[in-house]
Amino acid sequence: MAQKNLFPKKLPFRDDRAPIFVIDGSSFVYRAYYAIRGHLSNRKGLPTKAVFGFTQMLLKLLREMNPEYVVVCFDAKGLTFRHDMFKDYKANRPPMPDDLSVQIPYIKEITRAFGVPILEIEGYEADDLIAAIASRMDRPIVIVGGDKDLFPLISERVVIWDPMKDELIDKKKIKERYGVEPQKLIDVRALAGDSIDNVPGVPGIGEKTALRLIKEYGSLEEVLNHAEEIKQKRLRENLIKHAGDALISKKLVELNDKAPIPLEIDFYRKRPVNTLKLRELFLELDFKKLLKELPATKTISYEQYKLVLDFEKVKEIVEKARKAKVLALDLESDTKDPMRGKIVGVSLCFEPPKAYYFPFRHEGLEAQKQLPWEAFSNLASLIEDSSVKKVGHNIKYDLILLARYGVTLKGLEGDTMLASYLFDPTRRTHGLDELSEELLGHTMISYKEVTKELAKEESFARVPLEKAKVYACEDAHVTYLLYEYFWPRLKEETLWKVFTEIDRPLIEVLAYMEMAGIKIDTAYLKEFSREIAEKLKKLEEKIYAVAGERFNINSSKQLGYILFEKLKLPKVKKTPKKTAFSTDNEVLEELSLHHELPRLVLEYRTLAKLKSTYVDALPKMVNPETGRLHTSFNQTVTATGRLSSSDPNLQNIPVRGEEGLKIRQAFVPEKGFLFLSADYSQIDLRVLAHYSEDETLIKAFWQGEDIHRRTAAEIFGISPDEVTPEMRRMAKTINFGIVYGMSPYGLAKELKIGRREAKAFIERYFERYPGVKRYMEQIVAEAREKGYVETLFGRKRPLPDINSPNRTAREFAERTAINTPIQGTAADIIKLAMIKIHQVFREKGVGTRMLLQVHDELLFEVPEKEIEEIKKIVRQIMEGVVELKVPLKVNLAIGRNWAEAKA
DNA sequence: TAAGTGGA
DNA sequence: TCCACTTA
């Protein structure tokens, strides 16, 4: 919203006083509403198309014209003097649609927030107000609008600017276009009439004839006076017969300039933009792009940030903090990995804008100025005091770091990162800095900025205390402000339940799992790596021999050259970005029918991937202190509510094929322990059965049938015992496709059949499972109406494209609408089970630890003696965690490694 | 379909 | 940044 004083449009006025820009508000509201295709709504389902279009127009005007005087005119409610005169005036106009009228208050608020005065007077239409301003304000006037009805107002002193067409219409233009003075357009319209506004006019006369007549006689009255002279019979008769109508019409279309408008120029003065208010409105309306363009206006003062260097002061602050409503807390460490770093300092904020930084382990010249480590216990006692509510941003990190110092955080009120995620799980990131920028309008100091004078390998511990203070205090401060932002919003929605009953309690469970880690057999992996290296070497030589030259097989570019240029193999398809020809699995599979090279490359790739991603990478990530692998479970990444795992990702460890199993064998329990794997059987399909209430599906699950076999029997129209393995495989793919929201196209590709055939399969499926079809139609309709979908527990996912005019985008949103409630509900179910299991484990004080979650599977490390007890607990909790219309079923397996525990 | 990782 | 590949 740069307020540069540029007048890019040359305004054709002799008068060089600043013009008044008079905006035809009502016409823009309608234009935005009807002109923008598709549908736009915010996360709550409020339609926003007109607000958006209007806002863009206003922005364009303010940017390009930078007006000193400006006003938006709106139609007032109720009848105008025109109705008194002619009761059918505008009788053909339908009333304002509901989904437009709800937007009007927002449009007005935004206008005010931009500092633009609003004019609205009972009994008058916007056009009349504009006419009054144009004729009675002695100033240059720019009417902002595009409506032809306003053309008669144009004069030496009045022009019209249409920001949408970017067209400036002045007197000269009108004369060129119509050949008459602007005011005469009234007479033209009176003769021609207007069916939209129900202005009668004279039958048989259109704009062309009207113009000709007015040009000839000068005015409507003169035309009527000379009606007798007109040669054409029909025209003459009509003019004489309908002279009265024509005169009434003139009264109707004549713009009334008598409206009691404010005459003081000060009323029209542009006021400053209220960025805070705009931000609030844009946030509510979900105008993300506009939000980003708002300047960061909020300046947070760092003046009240205190560096605490004195033990006595620590005690004082801790005592004060105990009485705080909520304490925002942030730990500074020297690594990103909470399983490795040490605590360098602690920041607190409980009375914003005050905040405190407690440095403990900084390095360098100032080290001796810091707090003695004993002071940390004072903070620890505060952190362990469950009566003091804490919030943090990504608090799991702090939880783990603290736990390594033997400190257990109690009284967790929540996590602002999680709050942001629940509020909109499709956001790209939930980083403190981005949220601060976008939601608070405050630009934070970046980590990069703070550490820029440091050498590459140096950590936060090397940051000078003053600088560290500002950075750390700002983190705690902004966290507090985000807490104030999100909490009321979460409480307002169904999200509060998901937050307090699922995601918040899960934080601690995940922290435990990450801290537990998992053991891998590094010696075994080393040996395996050597074996693969050998195989790769042989394959490599063979590939070079077949290709006739040496090249980098890992480079898809070089491989593409060999396959398509040198060997002239058919180019099957392009890469998704269309920048090159694809060399992916599917393509190589097909090409292997023509040549032996693709097969070899396929084999090489599988092995190379296995080696680099798993066999070689995993041992490097073993924590030297614990001797185990500690993944990080991210709770705020996926759009559906699933978890994700990284550093390393333990949710995509291979399972298929011989080599895959060999890698799973490297994951082993501690001595004296066994692995117990518990996975939900067909949880997605069971959730689908619950949602759809499909009788066949529900019955199949209650009878414990093999669901893919049942599906095969249904779609092939045979009995279950007649189903061949091939049929079952196809049915399985279809079930899979339904749950993952696969398109008919995707299904065709997966089954390697024609698209029509795939479509026929899907149709057959819907015939046999009509409830599923009903569910899909219903959920898509609901999504269209609300603009979002939700899980059984109220977790939401916005679907902005659900009404998009772009078919691809819309269909994608539709598949998402079908899939998210299913996958998200399944994710909620397993999260709930994890929370309960963790709780029972702690109550019973068992030695068993939950190690991993892989979407529908949990992996435990169980002392041999506890096996039977734990099996019982796990099954009972997982199967009983919610009651659906179908039973939940869990498969348990025990093993001395992860491969065994899968069978 | 979605997410993470490795290699160029 | 793009591509390919692993899991669910």
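Computed from a predicted structure; not experimentally measured. In the text below, chain A, chain B and the rest are named by the order of the sequence lines, each starting its count at 1.
A side-chain donor-acceptor contact under 3.5 Å links A/Asp424 and A/Thr426. Side-chain contact, A/Asn634 with A/Thr636: a donor N or O sits under 3.5 Å from an acceptor N or O. Under the 3.5 Å distance criterion, with hydrogens and angles disregarded, no donor-acceptor pair is assigned to the side chains of A/Ser632 and A/Asp647.
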Practice problem: Would you mind building the protein contact string for nucleotides 3-8 of chain C? One character per nucleotide, 5' to 3', B for base within reach (heavy atoms under 4.0 Å), S for sugar-phosphate only, - for untouched. | Solution: SBBBBB
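Note: CG (A/Leu607) to C1' (B/dG6) measures 16 Å, nearest angstrom.
Within 4.0 Å (heavy atoms only), A/Ala608 reaches no atom of the nucleic acid at all. Heavy atoms of A/Asn819 sit nowhere under 4.0 angstrom from any nucleic acid atom. Across all strands shown, A/Asp684 has no heavy atoms under 4.0 Å from either base or sugar-phosphate atoms. Among the heavy atoms of the strands lying under 4.0 Å from A/Asn552 are primed sugar atoms or P, OP1, OP2 only; no base atom is included.
Looking at heavy atoms from C-beta onward, A/Leu629 lies out of side-chain contact with A/Asn623 at the 4.5 angstrom threshold.
In this model, the phosphate group of B/dT5 is not approached by any side-chain N or O of A/Thr613 to a distance below 4.0 Å at OP1 or OP2.
The neighbour count for A/Tyr745 OH, taken as heavy atoms of other residues, nucleotides or ligands under 6.0 Å away, does not exceed 12.
In this structure, A/Arg428 pairs ionically with A/Glu434, as a charged nitrogen and a carboxylate oxygen lie closer than 4.0 Å.
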